[in-house]
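For clarity, every value in this text was computed on a predicted model and none was experimentally measured. Lettering of chains follows the sequences in order, A, B, ..., and the numbering in each one begins at 1.
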2 protein chains.
Amino acid sequence: MVTMQDVAQAAGVSPMTVSNVVNARPHVKPETRERVLAAIQDLGYRVNAAGRNLRTGRTGTIGFAVPEIDNQYFAHLIARVVDEAAERGLRVAIEQTGATRETEIEVVSTSRNRLYDGLLLSTAGLTDADTDLLQVDYPIVLLGESLFDAPLDHIIMPNHEGAREATEHLIARGRRKIAYLKRPDTDMDPRRAGYLEAVTAAGLEPILIEIEALDIGSSARAVGAALAQGLEFDAIAAFTDNLAVGAIRGAADAGLRVPDDLLVTGFDNVPLAALTVPSLTTIAPDHAVTAHTALEFLLERMAGSTVPPRTFTIPHTLIERESSR
Amino acid sequence: MVTMQDVAQAAGVSPMTVSNVVNARPHVKPETRERVLAAIQDLGYRVNAAGRNLRTGRTGTIGFAVPEIDNQYFAHLIARVVDEAAERGLRVAIEQTGATRETEIEVVSTSRNRLYDGLLLSTAGLTDADTDLLQVDYPIVLLGESLFDAPLDHIIMPNHEGAREATEHLIARGRRKIAYLKRPDTDMDPRRAGYLEAVTAAGLEPILIEIEALDIGSSARAVGAALAQGLEFDAIAAFTDNLAVGAIRGAADAGLRVPDDLLVTGFDNVPLAALTVPSLTTIAPDHAVTAHTALEFLLERMAGSTVPPRTFTIPHTLIERESSR
DNA sequence: CTGAAAGCGCTAACAC
DNA sequence: GTGTTAGCGCTTTCAG
């Protein structure tokens, strides 16, 4: 392997000067720089990241832990984060937690090994009780659904408001029997709370359909089963766009068409939402702002900022499309 | 920061012994191990990855460069690769190339800095002419569409056969005017070749619809425009599932229903394909095998294997669903 | 503007 | 079973 030493020797300078050239530091005479660059070219030198990391204590890589990569919402967010990070010369390593508490905890603790300069953690499995596990002296920004009091910067989804608005939209469309696809794993669901608030305010009966898991197939099965059992509803407020797609699929299996027989709303505005048939009415959080702010917070922490933990609520809009027309 | 030195001192042993304990090496007396572990616990010691990396010359991280993360196909593949890698104690850093030649080249050259122990490169922009750029002394496994002669392990998609089979399927369904969604960027498209082979063999006229880009929206627009111009076709063999979804969307915009008015096939069998309405008939490459084999090849290269470059063609099946019924 | 010295934290090789 | 020595490649002082 070609080292800085080798380059220095070839160019007749000290390793320090090579380092200065490589890192584009000022105060290097142009001729010297030329000579060094030529030597680098000749020898095919590449800086060794490990040496640099050890010396500087930074790796130029941040970790991004998500429940599942294979999910439009996270894939989209990852793409945004990777791009934002690349603009700042940072790489992003993806960790997949499967939304389990154990894996999330493990990610937090192994990240501390300074493998990453900082961590974006999209939590799904952690709860209030795990707050102290997050009390680490390490830059972490939380992202996502759960709301708890960890003393960390937190980017939160407009869950309650968004779900309320989606439900209100269905009510405004004249629906009276609005079902909500209820996730099985937790009772702490701000989206459900938003749904309930809207339904109750309108004097309607809540209709909750429980799904096994947060994937398209589970949603399709749950909706199909509900219809088969004769449960009556004329609209569905789905917990996510994926579930909405599944709901449409489940309804189709039962011979119901959206929006003719059933209105459906989603949540997330994944790219696909605009392009399915029917296209999805959904709550659209601003993904670009999410990625940007998360990275901004993290970079500030990585730079040593000790301002009190901040909370940022992602701005959102309701996008009306065919599934609720 | 707590170092091995600190732990050694606290436990009354040498740093080497701490290293042995940390790395679960044999030949450490149980009591000593206990003492060391206790000290680690007490001090909250974590191994420093940078030090280890510098010493061992490995990072425990592989790079995975894909054209775009925000694409069901790659997101799905990434999820598989991340899981496979995690099982082997490796992390995966994702690089997004945007399918451009320049970025792909850059990824190859910066990976050499030993930031990653190896690289999976899903190329889309490189061509035969760039073969020598890939002649690096560094473990790389190519993955994906392009076929060229780089002296590297290569996992290839069954593009030609798959597209031929999909087209034959449409022919078997009685269709005579089968359109193909032609990607704009290249004439080297084995899938198109497969389509042409099937169409020609059946004595049919090829119908090529050019799309601007490989996303759902472009596909929808292209199909919409083709219909608006009065182009006649009764089936579409799409280059990917995404394009198939877009085609269905474009047809819907023109008042055509799939499969009533138009049959559509995709390619990739992304998870969504089973769950859209209508569900997609598609060519299904085995994603799990793809990820597994890619990682297997890469690990062997990382271990120093110098067997001649291998080629592995991903096994596939045709899955018939609603879009061609 | 450039160089010399030192050391980041870890582990391979060998000695005991 | 355990310790000693040395050094991976780089950059932070500080001196010139």
So, do His154(B) and Pro309(B) sit near enough that their side-chain heavy atoms are less than 4.5 Å apart? no

Are Ile69(B) and Ile78(B) side-chain neighbours, meaning at least one heavy-atom pair lies under 4.5 Å? yes

Closest to side chain of [X], choosing from [options]:
X: Met1(B); options: dT2(C), dC10(D), dG9(C); answer: dG9(C)
X: Val13(B); options: dC10(C), dG3(D), dT11(D); answer: dG3(D)
X: Met16(B); options: dA12(C), dG3(C), dC10(D); answer: dA12(C)
X: Thr56(A); options: dT11(C), dC10(D), dT12(D); answer: dT12(D)

Report the residue from Arg88(A), Glu300(A), Met302(A), Glu87(A) that forms a side chain to side chain contact (heavy atoms under 4.5 Å, CB included) with Leu295(A). Arg88(A)

For the atom pair [atom1] ([X]) and [atom2] ([Y]), what is the distance rounded to the nearest 0.5 Å?
X: Arg310(A); Y: Ile155(A); atom1: CZ; atom2: CD1; value: 8.5 Å
X: Met1(B); Y: Asp137(A); atom1: CE; atom2: CG; value: 10.0 Å
X: Tyr138(B); Y: Asp117(B); atom1: OH; atom2: CG; value: 7.0 Å
X: Ser19(B); Y: Arg52(B); atom1: OG; atom2: CZ; value: 7.5 Å

Test of ring centre spacing under 6.0 Å for Tyr73(A) and His287(A):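 Ring centroids of Tyr73(A) and His287(A) are less than 6.0 Å from each other.
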
Should [X] be listed as having a side-chain N or O under 4.0 Å from OP1 or OP2 of [N]?
X: Arg52(A); N: dT11(D); result: yes
X: Ser14(A); N: dT2(C); result: no
X: Ser19(A); N: dT11(D); result: yes

What is the distance, rounded to the nearest whole Å, between atom [atom1] of [X] and atom [atom2] of [N]?
X: Asn53(A); N: dC8(C); atom1: CG; atom2: C1'; value: 11 Å
X: Asn20(B); N: dC14(C); atom1: CG; atom2: P; value: 16 Å
X: Leu54(B); N: dC8(C); atom1: CG; atom2: C1'; value: 9 Å
X: Arg55(A); N: dC8(C); atom1: CZ; atom2: P; value: 8 Å
X: Leu115(B); N: dC10(D); atom1: CG; atom2: P; value: 12 Å

Taking side-chain hydrogen bond (donor to acceptor under 3.5 Å, both in side chains) as the definition, give me every residue that meets it alongside Asn53(B), ordered by chain and number, with sequence neighbours left out. none

Mapping Tyr45(A) and Pro15(B) onto DNA chain D by nearest heavy atom, which one lands closer to the 5' end?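 Looking at DNA chain D, the more 5' nearest nucleotide goes with Pro15(B).
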
Members of residues 3-12 of chain A that approach DNA chain C, where some heavy atom sits under 4.0 Å away: none

What residues in residues 21-43 of chain B put a non-hydrogen atom under 4.0 Å from any atom of DNA chain C? Asn23(B), Arg25(B)

